[in-house]
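Worksheet for the structure shown next.
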Amino acid sequence: MACAPKAERDAVRYLEIGYQGYFMCRIATDPDPTNELKGRSGYTLALPGEDELDQAIRLQFKDTPRNLREPAHRMDGKEFESVAVYSMAFNGQALTGHEILGAPVDLIGTDAPLTGPIFESRNNIVGSDNTMAFVVNPFHLVFKNGDGKDFLHASAAVNPANPDQKIWEVTDPAIYGPRLPVGSVFDGDDELNMATGVFDYDEYFRARAEWLRLQIAGRALEIRLFELLQGTAQPQDLAKLLDEITVPGYRAQATALLADIRQQDPDFAKKWRGDILDELLAEAELAMQKYKTRLYQLEFWGNRVVSKMGTKISWDHFVEGDRATSSLHDFEAGGKTWSVDYNQPWRIKYWYGGWDGDLLLGYHRGALYLPALPAS
Amino acid sequence: MADQRSELARLLRQASTVEHQLLLVYLYTIFSLKSGADATCSAAEWESVRRWYSKMLMIARQEMEHLSLVQSMLLAIGEKPYFNRDNLVEEPPIEGEAARMVPQPVQFPIVLQPFNQKTIEEYVCVESPSYDTLIAYNQPIPTWCFTDDANHDNCVLKPFDSYLDLGGAKPDEEIGAGSIEMLYAQIRELFENLDEDAFDSPYSQVEVVSEYQIFLFPVTDKASALAAIDLITKQGEGSKASHTYNSHFRIFSDILDELKALTRRNPNFQPAYPWQVVQAASQIPDEKTRSIFKMLNEAYVTLDLMLAGFYYRFSASSGLSITLQQASFAPMMTMVIRPLFEILARLPINGRADGPRTGPTFYLTPQERAVLADPSDTSHYDLGDLNLYVGRMDRLRDQLQVLRTADFPESVRRDLDFMYQNVYRLSNNLPQIFTQGLLPEFNPGS
């Protein structure tokens with residue numbers, strides 16, 4: 001009777017599920033306190049019309065489009081795709097065409113009174129901002145089917161010996177040492193740069209600053225036009241403004257608008273006066289101030305913002321808490337049926353990086369390793 | 001030589017007092033700013049307020065940097081650190097005497113006051129270089145700082161018989177624009193004439209991370225002492241800086257210009273909360289607001305004691321030094337003092353929604369002042385005893401445990417709950433770090 005060598009029978013085989021994509025984190029940054037809602041002294045902000053800062057790591061962020069700031073796309077024009085499964089492999093062999101490829105992945109849970117999973121440091125109280133030694137807490141990863149139902153859970157406690165203990169209740173941080181990062185890169189690497197498509201971080205934010213200046217110039221022009229229509233500014237003010245506009249594209253646009261006004265009948269302005277003009281003026285003023293604040297943060301904090309595009313923090317730990325899988329419980333690979341093993345700890349590796357502190361978006365990539373045994 | 005060193009120490013202690021006072025009154029003004037838009041501050045206007053907040057908080061951080069550098073200079077010449085200062089209010093009266101309280105006249109324009117045009121005008125004067133320097137470096141001239149104008153009473157130059165005493169070098173000189181620059185000029189001159197062996201100090205220089213526009217370095221010789229003085233006066237007054245350098249003087253001047261422009265455009269614009277400067281807890285009718293006020297003052301004193309303990313007898317291999325290094329800065333300032341200050345500023349002192357808000361007095365008792373003036377004085381506090389700090393943190397934790405369930409607005413309760421968690425852990429971190437050291441993963445040097 002044929003029998004596999006013992007070493008082969010006992011070897012651990014893993015089903016590897018790779019996932020990646022952009023995450024949003026409306027995180028307060030030093031020297032703001034961790035639970036700052038607006039962002040007043042750090043480099044991150046909650047702008048008018050957006051949700052408040054809440055620190056939550058969101059792997060699925062597209063359901064709140066109000067929080068996706070312009071320009072809401074990458075430098076190369078591609079969309080910011082949220083986190084989804086992108087690869088499957090078993091025992092080192094790729095499993096192509098599997099139905100869960102493309103499935104959305106999410107982190108759930110709360111760390112009350114905060115409202116979602118966060119990068120825990122609390123200004124060096126439970127972690128370290130100086131070394132970026134954060135625990136992702138709580139850690140409860142969820143994979144979802146196309147119909148939105150969960151088919152795979154994997155969670156880990158801060159203190160496996162006392163799963164209900166909160167991180168702030170832990171006296172000795174060595175207890176959650178395995179949950180702290182295992183590596184950090186602060187000046188970029190190939191994997192990070194390829195993922196984000198950004199290779200020159202200075203240029204990335206120089207272009208952003210230029211884009212913001214363009215928006216500010218545009219709004220300034222709108223405001224002058226509205227004021228002109230209100231009768232609070234004179235035509236010569238607009239002409240002066242035109243002379244001051246050096247941002248490409250806007251001078252031509254402004255000239256055309258001025259010509260339009262001059263060619264209109266004398267009643268043109270009257271049609272625009274009143275509440276609607278006040279509203280337009282207020283909207284333009286608010287939009288301009290928002291752009292100004294974003295630009296201020298980029299200029300005020302400089303390299304502190306720029307360097308985060310090249311920062312990549314890696315974790316590698318077991319998930320020994322609640323685990324469950326439905327559609328993946330048994331799976332086919334190499335002509336055999338395999339079963340996920342719950343008696344062994346699962347393992348997960350992941351990194352967060354390429355953080356754009358202006359858009360509050362970064363890149364996330366991970367792989368969950370599920371040990372498997374031949375189905376009985 | 002001994003007289004020269006003694007005079008230098010005396011002036012450095014004055015500089016310490018000035019920097020300490022300034023950072024407190026600046027913080028007081030900053031936290032009076034509204035935390036969001038409302039009926040008298042539109043969302044667009046609040047974006048300016050947000051940027052002022054950011055800029056002014058940077059100034060306050062740099063005042064802390066100046067305070068730290070002055071301590072380093074004292075330590076460098078063998079003097080103990082000095083965190084004592086004059087109180088910004090008079091001694092609190094016993095309960096019931098509040099009605100008879102009147103604001104105490106204080107020296108110089110260093111008084112607790114909320115954000116408004118007059119306050120910022122005064123801060124421009126405080127940070128202004130002398131008239132000659134303004135001219136020499138092509139700086140804007142804040143004319144109100146140099147006129148005896150009754151509308152700017154606090155900017156009227158005052159005699160040297162207050163705490164800022166430049167040694168009678170110019171008996172007819174007055175305190176006002178340029179006085180701080182002059183103080184540091186005298187300190188610089190004394191350092192320049194000091195022998196290098198005067199830097200043979202028994203004290204170690206503290207190790208503090210330089211970040212967020214704070215630049216700290218050890219002062220161990222004449223060159224580093226002069227560099228520290230030049231940095232302080234460059235950041236503050238813009239001395240020896242280009243005319244585009246964003247000194248504190250220029251930042252306050254720019255904020256003032258922007259404030260005036262916004263007020264011209266909208267006369268109803270109010271960037272700060274309605275405010276009442278209180279001199280003591282007894283002037284706060286609302287019990288819950290009063291409890292936050294008291295807790296904040298107590299937390300501030302704890303921070304002062306921690307800093308004095310940290311700067312005095314610092315050693316990189318001392319468990320106490322490492323513990324205080326980890327507790328005093330990021331968590332204590334950012335996660336305790338500031339959140340408590342912001343909570344206090346959100347609570348009307350009379351319990352009515354439209355009632356005035358207030359800030360802390362930062363009051364120091366004579367016993368506290370004694371140990372901050374001489375950290376080796378153990379008659380009331382032993383700064384070398386970890387239990388001093390643990391006991392104070394435990395008391396703060398216990399107060400928060402009660403208050404987090406009190407009848408505050410939900411947003412305040414949530415913030416108090418979060419602060420309770422953090423102080424709970426912070427009070428545990430003190431003995432943990434003291435006995436076990438810092439986890440290697442948290443140590444930038446490992």
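Just so you know, these numbers use all the heavy atoms, side chains as well, and skip hydrogens, waters and symmetry mates. Labels below follow one simple rule: chain letters A, B, ... track the order of the sequence lines, proteins then strands, and each chain is numbered from 1. Nothing here was measured: the structure is a model prediction, and the numbers come from that model.
Looking at A/A112, only its backbone comes within 4.5 Å of chain B, counting heavy atoms on both sides. Of the two parts of B/M58, only the side chain, counted from C-beta on, holds a non-hydrogen atom closer than 4.5 Å to a non-hydrogen atom of chain A. Looking at B/R413, there are no atoms closer than 4.5 Å to chain A (heavy atoms on both sides), in backbone or side chain. Contact of B/Q436 with chain A is not made at all, since no heavy-atom distance falls under 4.5 Å. Heavy atoms of A/A28 lying under 4.5 Å from chain B are absent altogether. For B/W52, no part sits under 4.5 Å from any heavy atom of chain A, backbone or side chain. A/K292 touches chain B through backbone and side chain together, each having a heavy atom under 4.5 Å away. B/D415 touches chain A through backbone and side chain together, each having a heavy atom under 4.5 Å away. With a 4.5 angstrom heavy-atom cutoff, B/R51 touches chain A via backbone and side-chain atoms both. The parts of B/S35 that come within reach of chain A are both its backbone and its side chain, each placing non-hydrogen atoms under 4.5 angstrom from that chain.
Here the straight-line distance linking atom CD1 of A/I125 with atom CE of B/M332 works out to 10.0 Å at 0.5 Å rounding. Rounded to the nearest 0.5 Å, atoms CD (B/E441) and OG (A/S184) are 11.0 Å apart. Remark: A/T115 OG1 to B/R414 CZ distance equals 8.5 Å, nearest 0.5 Å. Note that CD of B/Q213 and CZ of A/F300 are 4.0 Å apart. Values are rounded to the nearest 0.5 Å.
The stretch residues 424-434 of chain B places B/Y424, B/R425, B/L426, B/N428, B/N429, B/Q432 near chain A, each with some heavy atom under 4.5 Å from a heavy atom of that chain. When the heavy atoms of residues 29-43 of chain A are compared with those of chain B, the residues falling under 4.5 Å are A/D30, A/P31, A/D32, A/P33, A/T34, A/N35, A/E36, A/L37, A/K38, A/G39, A/R40, A/S41, listed by number.
With a 6.0 Å radius and a threshold of 12 heavy atoms from other residues, nucleotides or ligands, A/K308 has its NZ atom above the threshold.
Side-chain contact check for A/Q297 and B/R50: no donor-acceptor pair (N or O, by modelled atom type) lies under 3.5 Å.
Annotation: side chain of B/F418 is in contact with side chain of A/L114 (closest heavy-atom distance under 4.5 Å). You'll find the side chain of B/E47 reaches within 4.5 Å of the side chain of A/L47, heavy atoms only. Taking the side chain as every heavy atom from C-beta outward, B/F442 and A/L180 approach each other to under 4.5 Å.
For the set B/R265, B/M419, B/M333, the entry with the most heavy-atom pairs within less than 4.5 Å of chain A is B/R265. Top candidate by heavy-atom pairs under 4.5 Å with chain B, chosen from A/A133, A/A174, A/G127, A/P181, is A/G127. Heavy-atom pairs under 4.5 Å with chain A peak, among B/E45, B/K55, B/M56, at B/K55. Here A/Q289 is the residue among A/Q289, A/K290, A/M132 with the most heavy-atom pairs under 4.5 Å with chain B.
Nearest heavy atom pair, residue B/A44 against residue A/L286, reads N-CD1, 3.6 Å.
With sequence neighbours excluded, the residues forming a side-chain contact (heavy atoms from CB on, under 4.5 Å) with A/P138 are A/D111, A/P117, listed by chain and number.
For residues 295-307 of chain A, the set of pairs meeting the salt bridge (Lys or Arg N to Asp or Glu O under 4.0 Å) definition, not counting sequence neighbours, comprises A/R213-A/E299.
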